[in-house]
Amino acid sequence: MSSAIINGKEIGQEIRNSVAERVTRLKEQGLTPGLAVVLVGDNQASATYVRNKQKSCEAIGMFSELIKLPEETTQESLLAQIELLNNREDIHGILVQLPLPKHIDEDIVIATIAVEKDVDGFSPVSVGKMMLGQETFLPCTPFGVMKLLEFSGIEIAGKHAVIVGRSHIVGKPMGQLLLQKDATVTYTHSKTPNLPSFTKQADILIAAVGRANFITKEHVKEGAVVIDVGINRDENNKLCGDVNFNEVDGIASHITPVPGGVGPMTITMLLFNTVQAAENKLEHIVKL
Ligand SMILES: NC(=O)C1=CN([C@@H]2O[C@H](COP(=O)(O)OP(=O)(O)OC[C@H]3O[C@@H](n4cnc5c(N)ncnc54)[C@H](OP(=O)(O)O)[C@@H]3O)[C@@H](O)[C@H]2O)C=CC1
Ligand SMILES: Nc1nc(=O)c2c([nH]1)NC[C@@H]1CN(c3ccc(C(=O)N[C@@H](CCC(=O)O)C(=O)O)cc3)C=[N+]21
Ligand SMILES: [Mg+2]
């Protein structure tokens with residue numbers, strides 16, 4: 001029997017519809033949610049993602065502005081651009097597309113984004129609040145994965161979640177969100193010996209490695225829920241995940257495809273966070 005497919009495009013669309021309604025209500029009150037996307041350099045993949053994000057904003061009536069800076073932009077001038085966006089009334093969310101050119105310190109750049117506009121949830125204050133379980137913008141990819149699990153009726157409490165990967169933007173926050181929902185969490189990474197001995201224990205397996213078709217049937221327990229965060233190109237330049245879908249299909253109870261799994265959810269949660277940022281501002285005005 002084949003595994004149930006978790007359809008991120010469909011679940012994402014359902015959430016986008018409710019976000020679109022919130023946009024309509026905000027506009028009736030004279031406020032159009034605005035997202036600024038900062039793109040430095042001419043990384044081809046980044047340009048594609050950014051276009052995708054902008055199209056998605058427009059589709060639900062949000063304002064989006066692309067700030068496109070040349071590869072040789074200095075850190076100082078990038079920081080100045082972010083300060084301008086921090087102070088703009090029409091911009092509620094700021095996203096600085098990663099990776100940045102090597103001569104720029106990403107940590108400093110991200111820390112400069114005003115926390116109330118940090119819709120990626122990457123700044124140190126946002127991360128700290130997330131760790132403490134305080135209200136904040138959650139990082140879009142792990143947040144999107146939590147929504148996929150929720151909409152698919154997958155129970156998390158008491159389950160063993162194994163994360164492959166510990167990056168600051170995916171693996172590490174993913175484990176935190178699952179822990180908050182009472183999973184038992186194991187982190188694995190490039191220094192983990194005998195990886196399958198860990199992943200085989202997973203009730204929920206999250207692959208965030210960045211290697212095409214890396215997770216095979218030897219890594220997966222019968223009946224596990226497998227979430228594939230990876231976005232890679234295979235030897236034929238075809239988009240593929242970190243999970244060898246054909247091998248794992250039929251072993252997993254549920255699996256996310258690539259494309260059409262986690263990717264669309266990342267953008268959905270970016271829209272969600274940006275609308276929330278605009279609503280927060282409105283509530284603030286009403287309170288004054
Ligand atoms: N769908 C979406 O919306 C998004 C998808 N992505 C995709 O997800 C994937 C991961 O992204 P990201 O977290 O940014 O990547 P990083 O390269 O920052 O992190 C990769 C992680 O995988 C670990 N790793 C690498 N090789 C192995 C191995 N052989 N065994 C076990 N662990 C290993 C690394 O370990 P160590 O820490 O020891 O180096 C690291 O923690 C990529 O394909 C990326 O394109 C990313 C963001 C959003
Ligand atoms: N500051 C910042 N925030 C990010 O959220 C961020 C980033 N930098 N840098 C790059 C990664 C990657 N990322 C993706 C988003 C959507 C898809 C997506 O929509 N994928 C589609 C397919 C897209 C295609 O066809 O190429 C899918 O999986 O179905 C993929 C990857 C966000 N990232
Ligand atoms: Mg850098």
Side-chain angles (χ1 to χ4, degrees), residues 5-13 16 35-41 43-56 67 82 93-100 106 109-110 113 117-123 126 137-145 147-148 162-175 186-199 205-216 219 227-234 237-243 245 256-274:
I5 307 292
I6 299 179
N7 189 331
K9 221 176 152 180
E10 240 169 62
I11 296 171
Q13 190 55 54
R16 286 182 204 207
L35 174 71
V37 179
V38 182
L39 176 61
V40 186
N43 180 316
Q44 197 47 54
S46 289
T48 309
Y49 292 144
V50 164
R51 216 171 306 122
N52 228 328
K53 286 170 185 168
Q54 287 204 287
K55 268 196 290 182
S56 305
I67 290 97
I82 292 171
I94 302 171
L95 179 144
V96 178
Q97 184 69 21
L98 300 178
L100 288 168
E106 284 181 359
V109 171
I110 289 167
I113 300 169
K117 299 191 180 187
D118 178 29
V119 288
D120 252 337
F122 291 170
S123 87
S126 303
F137 295 120
L138 298 177
C140 300
T141 301
F143 192 12
V145 171
K147 291 286 181 194
L148 285 179
V162 179
I163 325 282
V164 190
R166 55 170 165 180
S167 73
H168 289 162
I169 70 168
V170 187
K172 206 179 272 184
M174 187 73 253
T186 299
Y187 284 102
T188 65
H189 47 76
S190 70
K191 306 293 194 295
T192 302
N194 196 2
L195 185 69
S197 72
F198 292 92
T199 56
L205 178 62
I206 313 276
V209 194
R211 287 166 162 245
N213 301 317
F214 178 77
I215 299 292
T216 58
H219 293 89
I227 305 291
D228 189 353
V229 180
I231 303 275
N232 313 294
R233 297 272 166 188
D234 69 11
N237 205 35
K238 202 175 142 250
L239 205 66
C240 73
D242 289 344
V243 177
F245 187 94
T256 62
V258 177
V262 176
M265 294 302 292
T266 297
I267 299 188
T268 299
M269 302 327 289
L270 174 69
L271 304 174
F272 183 101
N273 282 347
T274 304

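We're numbering straight along the sequence, starting at 1. Counting convention: from 1, in listed order, for ligands and their atoms alike.
Using a 4.0 angstrom heavy-atom cutoff, T141 counts as in contact with ligand 1. For the ligand labelled ligand 1, residue A208 lies inside the 4.0 Å heavy-atom shell. Under a 4.0 Å heavy-atom criterion, V262 is in contact with ligand 1.
With sequence neighbours excluded, the residues satisfying side-chain contact (heavy atoms from CB on, under 4.5 Å) with T192 are T188, H189, L195, F198. Under the side-chain contact (heavy atoms from CB on, under 4.5 Å) criterion, I110 pairs with L98, F122, S123, not counting sequence neighbours. A search for salt bridge (charged side-chain N to carboxylate O under 4.0 Å, His left out) contacts involving K172 returns nothing, not counting sequence neighbours.
When non-hydrogen atoms are compared, ligand 1 lies under 4.0 Å from the side chain of N232 (C-beta onward) but not from its backbone. Of the heavy atoms in M265, none comes closer than 4.0 Å to ligand 1. Contacts between V209 and ligand 1, counted as non-hydrogen atom pairs separated by less than 4.0 Å, involve both the backbone and the side chain. Heavy atoms from both the backbone and the side chain of I231 come within less than 4.0 Å of ligand 1.
In this structure, E10 places its CD atom where only 12 or fewer heavy-atom neighbours from other residues, nucleotides or ligands lie under 6.0 Å away.
Atom CG of N213 sits about 4.5 Å away from atom SG of C240, to the nearest 0.5 Å. Within the model, atoms OG of S126 and CD1 of I113 stand 8.5 Å from one another, a figure rounded to the nearest 0.5 Å. L35 contributes atom CG, which lies 11.0 Å from atom NZ of K117 (distance to the nearest 0.5 angstrom). One finds the OH atom of Y49 at 9.5 Å from the OG1 atom of T266 (value rounded to the nearest 0.5 Å). Going from atom CD1 of I206 over to atom CD1 of I227 covers 5.5 Å, rounded to the nearest 0.5 Å. Put simply, CE on M265 and CD on Q13 are 11.0 Å apart, with the number rounded to the nearest 0.5 Å.
Between L100 and the choices L39, V109, N43, the side-chain contact (heavy atoms from CB on, under 4.5 Å) rule is met once, by V109.
When hydrogens are left out, the protein atom nearest atom 11 (O) of ligand 1 is V170 CG2, 4.4 Å; that is the closest non-hydrogen contact. In terms of protein heavy atoms, atom 1 (N) of ligand 1 is closest to V229 O, 3.3 Å. Among all non-hydrogen protein atoms, the one lying nearest atom 38 (O) of ligand 1 is S190 OG, 2.5 Å. Nearest protein heavy-atom contact of atom 16 (P) of ligand 1 is S167 CB, 4.1 Å. Protein heavy atom in closest approach to atom 23 (C) of ligand 1: G165 CA, 4.0 Å. Shortest contact from atom 26 (N) of ligand 1 to any protein heavy atom: R211 NE, 3.5 Å. Of the protein's non-hydrogen atoms, F214 CZ, 3.4 Å is the one closest to atom 29 (N) of ligand 1.
Annotation for ligand 1: atoms under 4.0 Å from non-hydrogen atoms of H189 are 30 (N), 31 (C), 32 (N), 33 (C), 35 (O), 38 (O). Residue G263 approaches ligand 1 through these ligand atoms, each under 4.0 Å from one of its heavy atoms: 1 (N), 3 (O). Taking a cut-off of under 4.0 Å to the non-hydrogen atoms of T266, the atoms of ligand 1 that pass are 2 (C), 3 (O). Near G210, with a cut-off below 4.0 Å to any heavy atom, the atoms of ligand 1 are 9 (C), 10 (C), 42 (C), 43 (O).
Checked by distance only, ligand 1 and R166 come closer than 3.5 Å through their nitrogen or oxygen atoms. Between K191 and ligand 1, no pair of N/O atoms sits closer than 3.5 Å.
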Expected rows: ligand 2 N/O, protein N/O, dist below 3.5 Å:
unit_1	atom_1	unit_2	atom_2	d
ligand 2	1 (N)	V96	O	2.8
ligand 2	1 (N)	D120	OD2	2.6
ligand 2	3 (N)	D120	OD1	3.2
ligand 2	3 (N)	D120	OD2	3.2
ligand 2	8 (N)	L98	N	3.1
ligand 2	9 (N)	Q97	NE2	3.0
ligand 2	9 (N)	L98	O	2.9
ligand 2	29 (O)	G260	N	2.7

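At distances below 3.5 Å, not a single donor-acceptor pair connects side-chain atoms of T256 with backbone N or O atoms of G261. With D228 contributing its side chain and D242 its backbone, the two residues share a donor-acceptor pair below 3.5 Å.
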For this session: Evaluate the side chain to side chain contact (heavy atoms under 4.5 Å, CB included) criterion for residues V38 and Q97: first the C-alpha distance (whole Å), next the side-chain angles of each, then the deciding distance (0.1 Å), finally the verdict.
Result: CA-CA 6 Å; V38 182; Q97 184 69 21; over 6 Å; no
Problem set entry | Criterion side chain to side chain contact (heavy atoms under 4.5 Å, CB included) on M269 and L138, from CA distance to verdict | CA-CA 9 Å; M269 302 327 289; L138 298 177; over 6 Å; no
For this session: Would you please test H219 and V243 for side chain to side chain contact (heavy atoms under 4.5 Å, CB included) and show each step?
Result: CA-CA 10 Å; H219 293 89; V243 177; over 6 Å; no
